[in-house]
Each structure stands twice: as structure tokens, then as C-alpha cells.
Amino acid sequence: MKVLIVHAHYEPQSFTTALKDQAVATLSAAGHEVRVSDLYAMQFNPVASAADFAERSDPDYCVYALEQRKGFESGTIAADIREEVAKVDWCDVLILNFPIFWFSVPAIMKGWIDRVFVSGRFYGGKRFYDQGGMRGKRALLSFTLGGREHMFGPQAIHGELETMLRPILRGSLAYAGFTVLPPFAAYHVPYVTQESRQQILVEYAGRLNRLDDLTSLSFPSLDDFDDRLYPKT
Ligand SMILES: Cc1cc2nc3c(=O)[nH]c(=O)nc-3n(C[C@H](O)[C@H](O)[C@H](O)COP(=O)(O)OP(=O)(O)OC[C@H]3O[C@@H](n4cnc5c(N)ncnc54)[C@H](O)[C@@H]3O)c2cc1C
């Protein structure tokens, strides 16, 4: 199995980085090939802009998704985007590893999705959800939070974790066709004991060794919708 870990933390000694290192060690030991995109270390540019296109199909007005599609097809899209798309193409499993910022991913990771999930390859026309360009690949979120576990759930103060992360789980990964595995959450990380954090690393290794046993999250199938994307009755 080929695994791409996209990692977003500014501090190499952080616990989030320890989760990334645990994944590299565990997956490599199990015989899998692992590559890492360490976004802060790479100084990845997260800002989607007209500068991503060396040649424009319309020089007067930039429609980002349209230029993405054309620039990707012609090979004129920015080199850093091409390199990241090639890594995602290479992998069987994509892991996004990050600390929760404001109920979401840090800006650098959001920008990685904005720029790398290119129209034409990841989605386009009626190619999304189970028809998306990444169908056949799996995706996993692994993340740290300040919040405690009991703060997330149907009746909990912040609501369900999967609802909080809907823009990533559904709007990005499932939309692009990935089979989305249940996320791995490391709760209350800065406030628990060192031993508790070490236990989280052990639990994460266990999760990674059981990827094939996990039941993926459910998302729509285009088969259940008509040509205009109304639900079939
Ligand atoms: C802008 C912003 C927005 C945020 N929004 C939210 C939010 O919406 N919801 C929420 O819940 N939280 C939120 N947070 C909190 C944030 O998610 C947590 O602070 C973060 O996830 C903690 O992870 P870390 O890797 O940064 O921890 P660190 O502070 O880097 O690490 C915690 C401790 O783990 C230790 N450690 C490192 N490696 C190991 C190891 N191998 N074994 C054991 N211990 C180790 C470190 O030394 C440190 O003492 C937000 C924070 C910011 C800055």
C-alpha cells in the first residue's frame, strides 16, 4: 500500500508531528510505502490565485477552476501543484494530519486542498462523490484538539465531530471520490499527561494497523440522483 501523509504543523516537536512520525514508523514497519508532504517545512503556498497559471485561457478574467482544468491538462499549472497532484495520484491512502484550528484544518492545509484538488482530475462535470476522480483511494483525517472528548457528540456542546468537519470529510474528500475512513481524534492534547499522550500514539498505531477493518463513512451515490441531481423517488 502507498500512503501519502500531508502534515500541517509549524513546530517539529509538537504532538501533532509525533502523530505523523508514528504513522510513518507504523506504516513503514508494516511494509507500506510512505511519503510525506510537510507543508510548513515546504513553505507550501496556500493561496489560490491567478499566479498559479503561467498561461491563461482567458487573460482578461480568471475563473480559477476553469484555468485549473486547462493548466493541468497542458502542464502549465504551477509546478508545486503538479508535484502534489502526482503524489496524490501515486497513493492508495491519503492521510491529512493537523491540529484543529477553528473547527477546521489550518489555513495552510485548506490552501493545499484549494490548489491541489484540481478540476478535471479530482472532480468535474458530474464526476463527484462515488464518480469523483479519486475513487478507489481511501482517506483518513488524524488530528489533535484542545477540546475534550465529551464536548463532541449528538447532545454535546460542540455537536458531532463529523458535522464539524463536514467541509473536509464530505465537501472535499468524499466529493473528490475518496472512500473516507472514520477520523482519528487526539483530544485535549496540551492538557493531558505525558503518559496519556503516549497512550494516544499507541492507539493511533493500532488504528493504522487496522485500516482494512474500518467501516468507511457514508456519502451519496450519484446512482440515487437523476440527471438534474434531484433524488430519484
Ligand atoms: C488558531 C487556533 C485555533 C484553534 N481552534 C480549536 C478548535 O476549534 N477546537 C479545539 O478543540 N481546539 C482548537 N485549538 C487548539 C489546538 O487544536 C490544539 O492546541 C492542538 O491541537 C494541540 O496539538 P499540538 O500538536 O499543537 O500540541 P503541542 O502543544 O505541540 O503538544 C502538546 C504537548 O505534547 C508534548 N509532546 C510532543 N511530542 C510528544 C510525544 N511523542 N509523546 C508525548 N507528548 C509529546 C509536547 O511537548 C507538549 O507538551 C486551536 C488552536 C489554535 C492555535
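Position 1 is the first residue of the sequence, and the numbers go up from there. Start at 1 and go down the list; that is how both ligands and their atoms are numbered.
Between S104 and F98, the closest heavy-atom pair is O-CE1, 4.0 Å.
The protein heavy-atom contact nearest to atom 53 (C) of ligand 1 is F101 CE1, 3.6 Å. Remark: minimum distance from atom 5 (N) of ligand 1 to any protein heavy atom is reached at W102 N, 2.8 Å. The protein non-hydrogen atom at the shortest distance from atom 15 (C) of ligand 1 is G146 N, 3.8 Å. Nearest non-hydrogen protein atom to atom 47 (O) of ligand 1 is Q13 O, 4.5 Å. Scanning the protein for heavy atoms near atom 19 (O) of ligand 1, the closest one is P190 CG, 3.7 Å. For atom 26 (O) of ligand 1, the closest non-hydrogen atom on the protein side is H9 NE2, 2.7 Å. Looking from atom 20 (C) of ligand 1 to the surrounding protein, the closest heavy atom is T144 OG1, 3.6 Å. Among protein heavy atoms, the minimum distance from atom 49 (O) of ligand 1 is reached at R197 NH2, 3.7 Å.
Each of I81, D114, T76, V47 was scored for a side chain to side chain contact (heavy atoms under 4.5 Å, CB included) with D52, with one residue passing: I81.
A donor-acceptor pair is defined here as one N or O able to donate and one able to accept, closer than 3.5 Å; no such pair exists between the side chain of R197 and the backbone of F15.
For Q43, the CD atom counts as loosely surrounded, since its 6.0 Å shell holds 12 or fewer non-hydrogen atoms of other residues, nucleotides or ligands. Counting non-hydrogen atoms of neighbouring residues, nucleotides and ligands closer than 6.0 angstrom, the CZ atom of R135 exceeds 12 such neighbours. Remark: K110 NZ is loosely packed, at most 12 non-hydrogen atoms of other residues, nucleotides or ligands lying under 6.0 Å away.
Heavy-atom proximity to G147, at under 4.0 Å, picks out these atoms of ligand 1: 10 (C), 11 (O). The distance from ligand 1 to the heavy atoms of Q194 drops below 4.0 Å at these ligand atoms: 43 (C), 44 (N).
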Fill in: CA sep, side-chain torsions, deciding dist, call: D223, K232, salt bridge (charged side-chain N to carboxylate O under 4.0 Å, His left out)
CA-CA 9 Å; D223 289 343; K232 289 178 187 167; 5.7 Å; no
Practice prompt. Step by step, work out the salt bridge (charged side-chain N to carboxylate O under 4.0 Å, His left out) result for R138 and D212.
Written response: CA-CA 10 Å; R138 290 180 287 176; D212 291 345; 3.0 Å; yes
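A distance of 6.0 Å or more separates the ring centres of Y123 and F128. Ring centroids of Y175 and F122 are separated by 6.0 Å or more, keeping the two rings apart.
Contact annotation for S14 and ligand 1: heavy atoms of both the backbone and the side chain come within less than 4.0 Å of the ligand. Contacts with ligand 1 closer than 4.0 Å are made by no heavy atom of T17, backbone or side chain.
Atom 44 (N) of ligand 1 is approached by the protein to below 4.0 angstrom, counting heavy atoms only. Distance remark: protein heavy atom present below 4.0 angstrom from atom 8 (O) of ligand 1.
K87 has a carboxylate O that lies under 4.0 Å from a charged side-chain N of E84, or vice versa, which qualifies the two as a salt bridge.
Taking OH from Y40 and OG1 from T17, the interatomic distance works out to 10.5 Å, rounded to the nearest 0.5 Å.
On a distance-only criterion, A18 and ligand 1 share no N/O pair closer than 3.5 Å. Remark: ligand 1 and F152 share no N or O pair separated by less than 3.5 Å (distance only, no angle test). Checking only distances, T16 does come within under 3.5 Å of ligand 1, N or O to N or O. The distance criterion of under 3.5 Å between nitrogen or oxygen atoms is not met by P99 with respect to ligand 1.
Cation-pi contact between R56 and Y61: absent, since separation from the ring centre below 6.0 Å together with deviation from the ring axis within 45° is not met.
Under the 4.0 angstrom criterion for non-hydrogen atoms, E11 is not in contact with ligand 1.
Nearest to atom 39 (C) of ligand 1 by heavy-atom distance, out of Y10, F15, Y191, is F15. When the heavy-atom distances from atom 27 (O) of ligand 1 to V189, N97, I100, D21 are ranked, the shortest goes to V189.
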